[in-house]
Structure formats: structure tokens, C-alpha cells
Amino acid sequence: MEADAIIIGAGACGLMCAVQAGYLGKKVILLEKGSKAGAKILISGGGRCNYTNLFATDEQFISGNKHFSKSAFTQWTVADTISFFDTYGISGKEKTLGQLFPEDKNAKAIVDLFMELCADFGQEIRCNAEVTDIIHREDVYSVTYQRSGKEYTIKSAKLVIATGGLPIPKMGATDFALRFARKNGLNIIDTAPALVPLTITGKEEEWYAQLSGNSVFCEVSNDQISFEENILFTHWGLSGPAILQISSYWQPGESININLLPHEDITALLEEERKQNGKTLLSTLMNRYYAKKFTDAMSKYLPVDKQVASLTKTEMELIHRTIHLFKVKPAGDKGYDKAEVMRGGIDTAELSSKTLECKKMPGLYFGGECLDVTGWLGGYNFQWAWACGFVIAQGI
Ligand SMILES: Cc1cc2nc3c(=O)[nH]c(=O)nc-3n(C[C@H](O)[C@H](O)[C@H](O)COP(=O)(O)OP(=O)(O)OC[C@H]3O[C@@H](n4cnc5c(N)ncnc54)[C@H](O)[C@@H]3O)c2cc1C
């Protein structure tokens with residue numbers, strides 16, 4: 001045995017696990033396929049790393065078992081994340097909606113911190129080491145990896161698989177965890193890109209090309225959930241935080257509803273304006289709520305150059321429908337190249353929620369994005385990865 005545990009994947013979960021194991025005096029070896037650890041942390045939040053969310057609870061996670069994450073989040077709370085980073089000089093600043101970023105540092109500072117702590121605890125990180133096989137025999141895990149054209153096998157009684165999800169294959173994302181789970185008879189919940197832009201094709205494409213470049217505060221909803229944030233119209237479809245959020249709840253073939261003016265009633269506004277000054281143009285009224293370029297783009301669909309007093313009943317209904325009941329049927333999503341996370345993954349029913357140990361394979365732990373626990377946009381996914389890392393470290 002070369003260490004108390006082998007951790008496959010030096011991402012958010014694997015690194016936190018190694019550090020927490022270090023606090024407990026346990027030695028681990030991290031095997032990382034990439035040339036450096038924490039690659040996704042480095043690009044997260046536009047290089048600034050939205051490392052947690054002040055309001056994170058198990059409620060903002062999608063999973064076949066929505067109670068599964070509760071235990072991990074009780075063991076490692078948002079306050080724990082904040083104080084962990086704070087202890088090492090990374091204090092948080094809320095950007096919006098509880099999203100916490102390093103106040104005067106960036107994502108690199110977070111990765112550097114993990115590197116320093118791993119070095120202090122003597123946790124060995126082997127980069128450019130892609131794990132290709134695992135054999136489990138007599139309570140020992142033999143892990144085979146390729147490095148510099150050579151093959152190595154190391155053994156441990158405890159093994160952590162923290163190889164992440166499928167997004168951004170060009171950064172080295174693999175389906176290793178899913179393949180290994182499947183091979184060993186563990187159930188997988190269907191996977192799909194999540195927190196991903198949605199595409200539009202066909203007749204509607206013209207609409208979006210017209211509106212391309214506009215970012216509008218909206219309420220986006222389907223029959224499960226609604227989000228109030230900005231959406232971004234592009235020449236191929238829809239993006240922006242509200243769209244990324246709803247994409248995690250969207251299935252191909254379904255429509256989504258967009259309310260382009262969630263806190264007002266356009267019909268009431270028009271009627272009030274008619275009383276005050278019927279000569280006001282619809283465009284003038286719209287410009288009070290939208291950027292001029294959005295109103296201009298809408299001129300193709302709405303009678304923006306008409307005075308509000310002269311709008312017919314049919315036009316009033318059209319305006320109401322367009323502003324409040326804008327229904328879109330996306331053709332698809334932008335796929336794993338553009339997704340921030342993967343929905344689905346290893347079925348949580350295969351694991352103990354308290355320890356994240358695999359029920360059928362003692363000594364084996366899964367953590368982070370490879371599990372069927374998917375957070376909202378806004379720091380939730382890192383909170384899950386840190387929590388998994390902490391919980392697993394207690395068990396190994
Ligand atoms: C562009 C982008 C921005 C994001 N921004 C945020 C954000 O601001 N806030 C937030 O909360 N979340 C964000 N996320 C999501 C977040 O990055 C992930 O949820 C998180 O990194 C998952 O942690 P993990 O440890 O499970 O996996 P990862 O961090 O992906 O780590 C897995 C590691 O395993 C390695 N690996 C894979 N297969 C093998 C193998 N066979 N052998 C050895 N190593 C292997 C990979 O190279 C990788 O380094 C973002 C994601 C993307 C793509």
C-alpha cells in the first residue's frame with residue numbers, strides 16, 4: 001500500500017479531499033490526467049471562481065434523490081467553505097444573488113492554496129497520469145495509470161473517484177467514473193449537458209438573429225421552476241444566466257416561457273399611459289424598460305411607432321403576448337463544449353449519503369460532479385465538490 005488512499009482527479013473535489021485528509025494525518029496520492037491540477041477551478045467564474053453561494057442548501061440541486069446532498073451539506077456548510085478560504089487569506093465578496101468570489105484575488109489563488117496545502121501535508125499530486133483501469137480484489141484497489149508512455153500500478157485499500165463530469169472535453173473531461181461504475185454494475189442516471197445555452201432553428205431563428213446581442217432581465221419558466229435573471233439573445237439562440245439555469249430543467253421537445261417584463265403589467269402600463277398622454281409612442285414607453293436597441297429590434301414584431309392611444313385591441317393583445325407570454329421551443333442545446341456541468345451521473349442510491357462510500361464496493365468513494373447531484377449556476381457546484389471532498393476525507 002502506497003498511501004491511505006488514492007484519489008483519481010485533482011479537481012475541486014479531489015483537492016479538497018486531499019487537504020482535509022492531510023488535516024487528519026492521512027496520506028493520499030492524487031492521480032491527475034491533465035498537466036496541472038484544478039484546471040476547471042482556474043477557468044471558473046471567468047477566471048475569478050465563484051467558489052460558493054451564501055444561500056446554498058440542498059434545495060438548489062437536481063438529483064434523483066433530492067435529499068441525498070443534505071448530509072454532506074450538514075457536515076460541510078457554506079460557512080465552512082468561507083472560513084476555510086478566509087483562514088488562508090482568501091476572503092469572499094458577494095457579486096449578486098449570494099454568489100461569492102475572492103474579494104481581491106482570483107481563481108489561481110484558490111488553486112495555488114490547494115497546491116501549497118498539499119505540499120505542506122506531503123500529499124503527492126501526479127499530473128499527466130491518466131487512470132485507465134482499476135481492479136478490486138480482496139479489499140484492495142489496484143489502480144493502473146499511464147504516464148510519459150509508461151504504465152504504472154499502485155494499490156490502496158481506499159479509493160476516491162473524483163473525475164468530474166463530461167463538460168469541456170477539450171480540457172480533458174472524461175467519462176471515466178461513468179464507465180467504471182457501469183462496468184461494476186452501478187446504476188447511472190442518464191446524463192445531459194446542464195447550465196448550457198439553448199439553440200433555436202427554423203422559422204424562429206430570424207427572430208433571434210434580429211434580437212441578437214440584447215441582454216434583457218426576464219422571468220424564464222417551465223412547469224417545474226422559474227428564474228429571474230438576464231437572458232442573452234444570440235444569432236443561434238439563447239444564453240445568459242436565466243437560460244443556463246432553466247436549461248438544467250429542460251428536456252428536448254419542451255417549451256420554455258419568457259416573461260420579458262416580470263415586475264410590470266404591460267397592458268396596465270399602456271392603459272395608464274393612454275390616460276396620461278395618449279400621444280406617447282409605444283417605443284418611448286418601451287425605452288423606459290429596455291435598451292433602445294432592444295425596442296428597435298422589436299419594431300419588426302410590434303407597432304412601436306404607433307401612439308399608445310391608437311393601439312387597437314388586437315395590437316394590445318399582441319403586445320401583451322409578446323412581452324409576457326413569449327414561448328420558445330428550443331431546438332437543442334450547445335452540448336458539452338459549452339455546458340458548465342453535467343446533469344445525471346452515478347445514481348446516489350449506490351452510495352451512503354453520510355460517507356459517500358459505495359454500498360457494493362467498500363473502500364470506494366465517489367464525489368463531485370460525477371454523481372447525480374447538479375447544482376444551479378452561482379457557486380453551488382463548487383460547494384457540492386468541497387463538501388464531497390470533506391466528507392470523503394473523514395472516511396478514507
Ligand atoms: C467554464 C466553467 C465555469 C464554471 N464556473 C463555476 C463557478 O464559477 N462556480 C461553480 O460552483 N462551478 C463552476 N463550474 C462547475 C465546476 O467547475 C464543477 O462543478 C467542479 O469543477 C466539479 O468538481 P469535480 O472535482 O467533481 O470535477 P473537476 O473539477 O472537473 O475535476 C475532475 C478532474 O479529474 C481529472 N480526470 C478525469 N478523468 C481522469 C482519469 N481517467 N485519470 C486521472 N484524472 C482524470 C480531470 O482532468 C479533472 O482535473 C464551472 C464549470 C465550467 C466548465
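As the structure lists them, so they are numbered: ligands from 1, and atoms in each ligand from 1.
Evaluated for a ring pair (Phe, Tyr, Trp, His ring centres under 6.0 Å) with Tyr51, the options Phe382, Phe85, Phe84 yield exactly one hit, Phe85.
The shortest side-chain heavy-atom distance between Asn259 and Asn257 does not fall under the 4.5 Å cut-off. With a 4.5 Å cut-off on side-chain heavy atoms, Leu311 and Pro303 count as touching.
Within the structure, the salt bridge (charged side-chain N to carboxylate O under 4.0 Å, His left out) test picks out the following pairs touching residues 265-278 (sequence neighbours left out): Glu272-Lys275, Glu273-Arg288.
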Please tabulate, for side-chain N and O atoms in residues 183-197, each donor-acceptor pair with protein atoms closer than 3.5 Å (sequence neighbours left out).
| from | atom 1 | to | atom 2 | distance (Å) |
| --- | --- | --- | --- | --- |
| Lys183 | NZ | Asp133 | OD1 | 3.4 |
| Asn184 | ND2 | Phe180 | O | 2.8 |
| Asn187 | ND2 | Asp347 | OD2 | 2.9 |

Check residues 161-177 and write down every donor-acceptor pair under 3.5 Å in which the side-chain atom is one partner and the other belongs to a residue at least two apart or another chain.
| from | atom 1 | to | atom 2 | distance (Å) |
| --- | --- | --- | --- | --- |
| Thr174 | OG1 | Phe176 | N | 3.2 |
| Asp175 | OD1 | Arg179 | NE | 2.8 |
| Asp175 | OD1 | Arg179 | NH2 | 3.2 |

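A distance limit of 4.0 angstrom between heavy atoms and ligand 1 selects the residues Ile8, Gly9, Gly11, Ala12, Cys13, Leu31, Glu32, Lys33, Lys40, Ile43, Ser44, Gly45, Asn50, Ala129, Glu130, Val131, Ala162, Thr163, Gly164, Ile168, Thr174, Phe176, Ala339, Glu340, Val341, Gly368, Glu369, Gly379, Tyr380, Asn381, Phe382, Ala385.
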